[in-house]
2 protein chains.
Amino acid sequence: MAAGEPQRNTKQRQVILEELCKLKSHPTAAELYQVVREKMPRISLGTVYRNLELLAKNRIIQKLDTIGVEARFDGNPARHNHIRCTDCGCVGDLHDIPGDFLDQRFKQANGWKIIGCRIEFIGICPGCRNIRQDKSIPEADSGKSQ
Amino acid sequence: MAAGEPQRNTKQRQVILEELCKLKSHPTAAELYQVVREKMPRISLGTVYRNLELLAKNRIIQKLDTIGVEARFDGNPARHNHIRCTDCGCVGDLHDIPGDFLDQRFKQANGWKIIGCRIEFIGICPGCRNIRQDKSIPEADSGKSQ
DNA sequence: GTGTATGCAAAGCCTTTGCAGCATG
DNA sequence: CATGCTGCAAAGGCTTTGCATACAC
């Protein structure tokens, strides 16, 4: 298959894309597999991986391969930033980052040609904030992740 | 072993830390294992993993677990940003990011409590820039990674 | 009908872990 | 000399891949 445009409009590919776009949770391949199986019980995990990879190559979806250990996928191919919860590991969106936050003086650094950047914010999601509040755990720093 | 301070100063731990600090390449565990084996042929990969994990927990080194697929390690525990080459996958340092680049209005977003962020710059390293120049490949966008 | 995509299962990686023996403090 | 650490090897978890079959075009 390699790169290139998707060749055929298979039912599997449709359902995978459809369910991914419906989800707001930036699921892992395995999570999406579970959801897709409800509509298509005989689909295989390998097919999910193959299609996610292909869709990402064609910029129809986005592969968040630098956030966390398992790859996560986003139905929105537009470049936006993400925030990961240090407590539960879930991933949220952050759209309103100013386009010029990256100062021009970093466009060139140590001989590298900078062509872009991705920010991973680290924080605590609303759900886990509630849990912490219930248990009176401070929010300052979870101690996890670097 | 869990977290906690390192308990004993083993030869293995010394050599692992020493070689990691010598390297500027942010090696993966396997790469560091190769280097360490030259000084200590009978060391096992498991020991390298265990020590890297322990040293990272004690903030003596830094685990770059969000950059790329394999975890990479940095002998410098100070928080600084990294840049990954889209061509060869190598990782470099970026120290001079302004501390206040993160605008205050992002400190709270959608109910999340933001406690930090890590930036992964994407670019082309000096070596690969030369290769591209030799082959007359433009630097605009490699097409890889998102 | 042709060739891509699928389902299934096995294999590939990276990483973690169990265990018995070793060596540090 | 007690026990944390090591080496070894096996297992775990995620992802990729080989192969025969099915299906989109």
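The chains referred to below are lettered A, B, ... by the order of the sequence lines, with proteins before strands, and numbering in each begins at 1. The analysis underlying the following values was restricted to heavy atoms, covering all of them including side chains, and did not include hydrogens, waters or symmetry mates.
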* To do: Run the salt-bridge test on A/Arg50 and A/Glu53 with the 4.0 Å N-O cut-off and return the result as yes or no.
  => no
* Spacing between A/Asn51 atom CG and C/dA5 atom C1', to the nearest angstrom -> 8 Å
* To do: Calculate the interatomic distance between B/Glu31 atom CD and C/dT15 atom P; express it in whole Å.
  => 10 Å
* Answer yes or no: is there a side-chain heavy-atom contact under 4.5 Å between B/Glu19 and B/Glu38? => no
Polar atom pairs between nucleotides 20-25 of chain C and protein, under 3.5 Å, N or O only, would you list them?
{"residue": "C/dT24", "atom": "O2", "partner": "B/Arg8", "partner atom": "NH1", "Å": "2.9"}
{"residue": "C/dT24", "atom": "O2", "partner": "B/Arg8", "partner atom": "NH2", "Å": "3.3"}
{"residue": "C/dG25", "atom": "OP1", "partner": "B/Asn9", "partner atom": "N", "Å": "2.8"}

* Structure fact -> A/Tyr33 OH to C/dC8 C1', in whole Å, measures 10 Å
* Rounded to the nearest Å, what distance is computed from the CG atom of residue A/Leu52 to the C1' atom of nucleotide D/dC14? -> 13 Å
* Asked: Out of B/Leu54, B/Leu55, B/Ile61, which residue meets the side chain to side chain contact (heavy atoms under 4.5 Å, CB included) rule with B/Asn58?
  -> B/Leu54
* Structure fact -> Side-chain atoms of A/Arg13 come closest, of D/dC5, C/dA5, D/dT15, to C/dA5
* To do: Provide the closest heavy-atom pair for A/Tyr33 versus A/Ile43 in the form atom of the first, atom of the second, distance.
  => CE1-O, 3.5 Å
* Taking it one step at a time, do B/Leu52 and B/Leu20 satisfy side chain to side chain contact (heavy atoms under 4.5 Å, CB included)? -> CA-CA 9 Å; B/Leu52 287 174; B/Leu20 175 58; 4.1 Å; yes
* Rounded to whole angstroms, how far apart are NZ on A/Lys57 and C1' on D/dT15? -> 13 Å
* Find the distance between CG (B/Leu17) and CD (B/Gln12) and round it off to the nearest 0.5 Å. => 13.5 Å
* **Sub-4.0 Å heavy-atom contacts from residues 38-45 of chain B onto DNA chain D, ordered by number** => B/Arg42, B/Ile43, B/Ser44
* Asked: If you take atom types as modelled and just measure distance, does the side chain of B/Arg50 reach the base of D/dG7 with a donor-acceptor pair under 3.5 Å?
  -> yes
* Asked: For D/dG7, does OP1 or OP2 lie under 4.0 Å from any side-chain N or O of B/Gln12?
  -> yes
* To do: Enter the distance from B/Arg42:CZ to B/Arg37:CZ here, rounded to the nearest 0.5 Å.
  => 11.0 Å
* Gap between atom CG of A/Leu32 and atom OH of A/Tyr49 - 0.5 Å precision -> 10.5 Å
* To do: Calculate, to the nearest 0.5 Å, the distance between atoms CE and OG1 belonging to A/Met40 and A/Thr47 respectively.
  => 9.5 Å
* Asked: In whole angstroms, how far is the P atom of C/dC8 from the OH atom of A/Tyr49?
  -> 17 Å
* To do: Mind calculating the distance between CZ (B/Arg37) and C1' (D/dC8) to the nearest angstrom?
  => 13 Å
